[in-house]
Amino acid sequence: MSIKLAVPCLLLLSAMAGPVAAAETLPEAIAAPGETVVLSAHAEGAQVYECKAGTDGKLAWAFREPIATLLSEGKTVGRHYAGPSWEHADGSAVVGKAIGNAPGATAADIPWLKLEVTAHRGSGVLTPVTTVQRINTHGGKLDGACDKAGEFRSAPYSAEYVFLRKG
């Protein structure tokens with residue numbers, strides 16, 4: 001095969017491999033086929049846990065809420081907090097409900113999630129969002145004994161939040 005023919009073939013193969021490779025990296029349980037990215041933001045924060053008695057009466061750490069800053073290109077663009085809620089600096093906000101999950105990369109990483117938006121507030125970047133994905137999580141799980149009911153602990157985490165709309 002000549003060089004002139006090989007280069008276009010390689011370009012075609014790499015173009016074909018791009019979308020396939022991207023689709024393979026996202027677990028089916030959290031994929032959102034046919035949806036378009038509105039915003040992608042990096043989150044840095046903590047998952048907050050409370051020491052509570054379980055159904056068996058034993059004390060254990062129970063997830064309470066996330067507290068995180070949303071960043072884009074190194075600048076703060078919003079925040080993530082209980083609800084779960086995401087609020088953009090322009091005043092638009094969404095609340096979601098988990099509808100799918102996949103394990104994090106390690107045992108210390110909180111799961112990847114797919115969340116359906118159940119409520120909107122304000123007008124801005126997040127107004128058209130229908131789905132939120134939490135991917136590329138690092139940390140956030142809390143291990144160890146909890147000795148006193150009502151005690152709080154936080155576990156640092158980071159993640160990428162992808163905000164999507166239908167179509």
Side-chain angles (χ1 to χ4, degrees), residues 18-52 54 60-146 151-167:
V20 171
E24 287 173 3
T25 60
L26 208 55
E28 190 175 327
I30 65 161
E35 296 194 35
T36 305
V37 175
V38 172
L39 172 71
S40 185
H42 178 74
E44 291 284 342
Q47 298 285 307
V48 180
Y49 296 84
E50 182 177 0
C51 186
K52 287 184 170 182
W61 292 111
F63 175 71
R64 180 180 167 94
E65 64 187 330
I67 300 173
T69 300
L70 300 177
L71 305 156
S72 180
E73 298 176 10
K75 295 180 181 148
T76 298
V77 296
R79 63 191 187 114
H80 174 43
Y81 52 93
S85 300
W86 297 265
E87 186 176 313
H88 193 272
D90 66 11
S92 61
V94 294
V95 178
K97 177 182 88 171
I99 58 170
N101 68 72
T106 74
D109 301 332
I110 54 176
W112 292 17
L113 296 177
K114 177 180 181 178
L115 302 106
E116 173 183 62
V117 171
T118 58
H120 291 84
R121 188 178 77 239
S123 181
V125 173
L126 300 180
T127 300
V129 174
T130 54
T131 303
V132 180
Q133 292 168 320
R134 177 176 77 187
I135 60 173
N136 300 330
T137 57
H138 294 286
K141 281 198 177 168
L142 186 63
D143 286 328
C146 99
E151 184 179 26
F152 294 93
R153 286 245 175 96
S154 61
Y157 91 107
S158 66
E160 302 301 320
Y161 286 99
V162 182
F163 301 88
L164 305 148
R165 66 174 169 78
K166 303 270 187 235

Option among F163, Y157, W86 that satisfies the ring pair (Phe, Tyr, Trp, His ring centres under 6.0 Å) test with H80: W86
Atom pair CD (E116) and CD1 (I99), whose distance is rounded to the nearest 0.5 Å: 5.0 Å
4.5 Å side-chain heavy-atom contact, V37 and V162: yes
For A32 against L164, the heavy-atom pair lying closest together: CB-CD1, 3.7 Å
W112 vs R134 side-chain heavy atoms within contact, under 4.5 Å: no
Value rounded to 0.5 Å, distance of CD in E65 from OG in S85: 10.5 Å
Sidechain-backbone polar pair: T137 side chain, I110 backbone, donor-acceptor under 3.5 Å: yes
Closest non-hydrogen atom pair between Y49 and A155, with its separation: CE1-CB, 4.2 Å
Rounded distance [0.5 Å steps], CZ in R165 versus OG1 in T130: 9.0 Å
Side chain to side chain, E151 and W61, heavy atoms closer than 4.5 Å: yes
Test item: Q133 side-chain N/O and I30 main-chain N/O as donor-acceptor pair under 3.5 Å: yes
Note, L71 side chain near E44 side chain (heavy atom, < 4.5 Å): yes
K141 atom NZ, over 12 foreign heavy atoms within 6.0 Å: yes
Interatomic distance, L142 atom CG to C51 atom SG [nearest 0.5 angstrom]: 10.0 Å
Side-chain (D109) to main-chain (G139) donor-acceptor, under 3.5 angstrom: yes
Closest contact, heavy atoms only, S92 versus S123: CB-C, 3.8 Å
Heavy-atom check, side chain of H120 versus side chain of V94, under 4.5 Å: yes
Validation row: E73, K75 side chains within 4.5 angstrom (heavy atoms): no
Heavy-atom side-chain proximity of K114 to T131 below 4.5 angstrom: yes
Over all atoms of both residues, closest heavy-atom pair of Y81 and R121: OH-NH2, 3.6 Å
P84 versus L115, closest heavy-atom pair with distance: CG-CD2, 3.8 Å
Which atom of S158 lies closest to which atom of H42, heavy atoms considered: CB-CE1, 3.9 Å
Side chain to side chain contact (heavy atoms under 4.5 Å, CB included) between V38 and V125, worked out: CA-CA 7 Å; V38 172; V125 173; 4.1 Å; yes
